[in-house]
Participant: 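Below you will find the structure I want to go over with you.
Throughout, protein chains are lettered first and strands after them, A, B, ... in sequence-line order, and every chain is numbered starting at 1.
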Protein chains: 2
Amino acid sequence: MTVNAAQIDGKSCAVFQRTLERVGQRWSGAVLYAAVGGARRFGEYRRTVEGISDRMLALRLKELERDGFLVREVIPSTPVQVLYRPTPAGAELIAALQPLGDWGHKHLAELPD
Amino acid sequence: MTVNAAQIDGKSCAVFQRTLERVGQRWSGAVLYAAVGGARRFGEYRRTVEGISDRMLALRLKELERDGFLVREVIPSTPVQVLYRPTPAGAELIAALQPLGDWGHKHLAELPD
DNA sequence: CGGCATCCGTTATGATACTG
DNA sequence: CAGTATCATAACGGATGCCG
């Protein structure tokens, strides 16, 4: 279902606002976006999401897991591996974020800061 | 150009992060999203974006204008009308936001809070 | 490797009241 | 109608160090 583009009502806007509050937190979207290729390890997220601190990454991963966008998988190898894999809902959300990423590449890929 | 979905690199993630920092601020996305139908007045945004305060709305509109997503138009009627109209870049951004809105309608339209 | 706890300044933002 | 000013508070988020 596509929202009527002619005029946005308060309900639609509220839903959108709630959606954005889930991925709009600082780093949340970037972490989720980094999971686009499938499950990744903690350290991979850390390397991919440049500038994020351990603290924030752990925090965001936990929130994304709580919200049902990622699932945490512990693989008892040595050293231990911890994977965060997108759920179906998470994968759909990531897909919905894709156009935003494309917009960024088009409009501010070359800009400083 | 669509980003390679197999594996996100740091650069793409950084661009995405910068993009999200522009619309992920509290209320920013919702205000922009409310402009999907074209130019609207200050009071219309206020009514559409439920829960936002005058202060935040004025702040966000100013930022969205500064970032080149909206243009402010003053129409000297009585009482005065002030319109905020999406620029081409703004319209593209709004369009990129649409899938996110659709995701919200599908996944959390009925949820409380 | 994959975290968590603590400290602590900075920023964000809500309420309220006022203006051209 | 379309904002602006001021204030108090809460939340954010970076740095650092420790742990299984």
Side-chain angles (χ1 to χ4, degrees), chain A residues 10 13-14 16-18 20-35 38-67 69-86 113, chain B residues 10 13-14 16-18 20-32 34-35 38-67 70-86 113:
Chain A
C13 198
F16 183 78
Q17 169 66 11
R18 294 224 311 276
L20 209 49
E21 279 178 359
R22 303 204 173 195
V23 294
Q25 295 253 94
R26 192 155 193 223
W27 303 117
S28 283
V31 171
L32 195 58
Y33 193 66
R40 302 191 84 176
R41 305 177 57 173
F42 187 91
E44 292 182 301
Y45 286 103
R46 178 162 46 198
R47 281 188 297 280
T48 305
V49 184
E50 295 171 30
I52 195 171
S53 65
D54 282 8
R55 190 177 109 73
M56 271 302 116
L57 180 54
L59 211 60
R60 293 306 181 227
L61 284 172
K62 198 177 296 182
E63 291 169 0
L64 291 169
E65 189 193 0
R66 181 206 58 197
D67 289 343
F69 302 146
L70 296 177
V71 275
R72 184 172 182 270
E73 288 173 43
V74 180
I75 298 175
S77 52
T78 32
V80 64
Q81 277 194 27
V82 182
L83 295 176
Y84 293 86
R85 179 187 310 282
D113 172 60
Chain B
C13 199
F16 183 77
Q17 170 66 12
R18 295 225 311 277
L20 209 50
E21 280 179 358
R22 303 203 170 196
V23 295
Q25 294 252 94
R26 193 151 195 226
W27 303 116
S28 281
V31 171
L32 195 58
R40 302 191 84 176
R41 305 177 59 173
F42 187 91
E44 291 181 303
Y45 285 102
R46 178 163 46 199
R47 280 189 296 281
T48 306
V49 185
E50 295 171 29
I52 196 172
S53 65
D54 282 6
R55 191 179 107 75
M56 271 301 117
L57 178 55
L59 211 61
R60 293 307 181 227
L61 285 172
K62 201 174 296 184
E63 292 170 359
L64 291 169
E65 189 193 358
R66 181 205 60 199
D67 289 344
L70 295 178
V71 278
R72 185 172 182 269
E73 288 172 44
V74 180
I75 297 176
S77 53
T78 30
V80 63
Q81 277 194 30
V82 182
L83 296 176
Y84 292 86
R85 179 187 311 281
D113 174 59

Participant: Going by the rule side chain to side chain donor-acceptor pair (under 3.5 Å), which residues pair with B:E50 if we only count those two or more places apart in sequence or in a different chain?
Facilitator: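 Result, side chain to side chain donor-acceptor pair (under 3.5 Å) vs B:E50: none returned.
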Participant: Could you pull out all residues at least two apart from A:T48 that satisfy side-chain contact (heavy atoms from CB on, under 4.5 Å)?
Facilitator: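 In terms of side-chain contact (heavy atoms from CB on, under 4.5 Å), with neighbours along the sequence ignored, A:T48 is linked to A:A34, A:R40, B:I8, B:C13.
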Participant: So which one's nearest nucleotide on DNA chain C is more toward 5', A:F42 or B:R60?
Facilitator: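 Checking each residue's closest nucleotide, the 5'-ward one belongs to A:F42.
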Participant: Take the protein atom CD of B:E21 and the nucleotide atom P of D:dC12, then report the distance between them rounded to whole Å.
Facilitator: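 Between P of D:dC12 and CD of B:E21: 15 Å.
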Participant: Restricting to nitrogen or oxygen on both sides, can you table the protein-nucleotides 4-8 of chain C pairs closer than 3.5 Å?
Facilitator:
from, atom 1, to, atom 2, distance (Å)
C:dC4, OP1, A:K62, NZ, 3.2

Participant: Not counting sequence neighbours, which residues clear side chain to side chain donor-acceptor pair (under 3.5 Å) with A:R41? List them please.
Facilitator: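 A:R41 satisfies side chain to side chain donor-acceptor pair (under 3.5 Å) with no other residue.
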Participant: Round to a whole Å and report the spacing from CD of B:E73 to C1' of D:dG3.
Facilitator: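 It is 18 Å, rounded to the nearest whole Å.
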Participant: Return no unless some side-chain N or O of B:R26 is found under 4.0 Å from OP1 or OP2 of C:dT11.
Facilitator: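 No, no such contact exists.
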Participant: For B:L57, enumerate each residue passing the side-chain contact (heavy atoms from CB on, under 4.5 Å) test, keeping only those at least two apart in sequence or located in another chain.
Facilitator: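 Scan of B:L57 (side-chain contact (heavy atoms from CB on, under 4.5 Å), adjacent residues dropped) gives B:V31, B:F42, B:Y45, B:R46, B:I52, B:L61.
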Participant: Could you go through nucleotides 18-20 of chain D and list every protein N or O atom that sits under 3.5 Å from one of its N or O atoms, giving the distance for each pair?
Facilitator:
none

Participant: From C-beta outward on B:R72, which listed nucleotide comes closest to its side chain: D:dG3, D:dC12, C:dC1?
Facilitator: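 Of the candidates, D:dG3 comes closest.
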Participant: Minimum heavy-atom separation for A:L70 and A:A35, please, with both atom names.
Facilitator: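 In this case the closest contact between A:L70 and A:A35 is CD2-CB, 4.1 Å.
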Participant: In whole angstrom, give the distance that lies between atom CG of B:L20 and atom C1' of D:dC12.
Facilitator: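 Atom-to-atom, B:L20 to D:dC12, this comes out as 16 Å.
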Participant: Checking B:E73 now: which residues fulfil side chain to side chain donor-acceptor pair (under 3.5 Å) with it, not counting sequence neighbours?
Facilitator: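 Counting only residues at least two positions away or on another chain, B:E73 forms a side chain to side chain donor-acceptor pair (under 3.5 Å) with B:R85.
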Participant: Only counting residues at least two apart or in another chain, list the ones meeting side-chain contact (heavy atoms from CB on, under 4.5 Å) with B:E65.
Facilitator: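 Checked B:E65 against side-chain contact (heavy atoms from CB on, under 4.5 Å); matches are B:R72.
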Participant: Whole Å only: how far is the CE atom of A:M56 from the C1' atom of D:dC12?
Facilitator: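 Those two atoms, CE and C1', are 7 Å apart.
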Participant: Rounding to a whole Å, what distance do you find between A:R47:CZ and C:dG3:P?
Facilitator: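 Checked: the CZ to P distance equals 13 Å.
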Participant: Restricting to side-chain contact (heavy atoms from CB on, under 4.5 Å), what partner residues turn up for A:S77, sequence neighbours left out?
Facilitator: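 For A:S77 the side-chain contact (heavy atoms from CB on, under 4.5 Å) partners, ignoring immediate neighbours, are A:I75, A:Q81.
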Participant: Can you tell which of D:dA2, C:dC1, D:dC1 lies closest to the side chain of A:R41?
Facilitator: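 Shortest atom-to-atom distance from the side chain points to C:dC1.
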Participant: A:Q25 side chain N/O closer than 4.0 Å to the phosphate oxygens (OP1, OP2) of D:dC12?
Facilitator: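 Indeed, a polar side-chain atom of A:Q25 lies that close.
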Participant: Return the value, rounded to whole Å, for the distance between atom CD of B:Q17 and atom P of D:dG13.
Facilitator: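 Taking atom P of D:dG13 as the reference, CD of B:Q17 is at 9 Å.
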Participant: With respect to the phosphate group of D:dG3, does any side-chain polar atom (N or O) of B:R46 fall under 4.0 Å of OP1 or OP2?
Facilitator: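 Indeed not, no polar side-chain atom of B:R46 lies that close.
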Participant: Could you give the angle between the helix axes at the two ends of the helix from C:dC1-D:dG20 to C:dG20-D:dC1, with five pairs per end, rounded to 10 degrees?
Facilitator: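 About 60°, once rounded to a multiple of 10°.
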Participant: Kindly write out the residues that satisfy side chain to side chain donor-acceptor pair (under 3.5 Å) with B:R55, not counting sequence neighbours, or none if the list is empty.
Facilitator: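 B:R55: no side chain to side chain donor-acceptor pair (under 3.5 Å) contacts found.
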Participant: If I take atom CG in residue A:L83 and atom C1' in nucleotide C:dG3, what distance separates them, rounded to the nearest angstrom?
Facilitator: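 Whole-Å distance recorded here is 15 Å.
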Participant: Below 4.0 angstrom, N of the basic side chain to O of the carboxylate: do B:E63 and B:R66 qualify?
Facilitator: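 Result for this pair is no, no salt bridge flagged.
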Participant: What nucleic acid atoms does B:Y45 come within less than 4.0 Å of, heavy atoms only: base, sugar-phosphate, or nothing?
Facilitator: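 If one applies the 4.0 Å heavy-atom cut-off, B:Y45 turns out to touch nothing in the nucleic acid.
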Participant: Rounded to whole Å, how long is the line connecting atom CD1 of A:I52 with atom C1' of D:dG14?
Facilitator: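 So the CD1-C1' distance, A:I52 to D:dG14, works out to 12 Å.
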Participant: Which pair of heavy atoms, one from B:S28 and one from B:L64, lies closest together, and at what distance?
Facilitator: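 Closest heavy-atom pair between B:S28 and B:L64: O-CD1, 4.0 Å.
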Participant: Among residues at least two apart in sequence or on other chains, which ones pass salt bridge (Lys or Arg N to Asp or Glu O under 4.0 Å) with B:E21?
Facilitator: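 Checked B:E21 against salt bridge (Lys or Arg N to Asp or Glu O under 4.0 Å); matches are A:R26.
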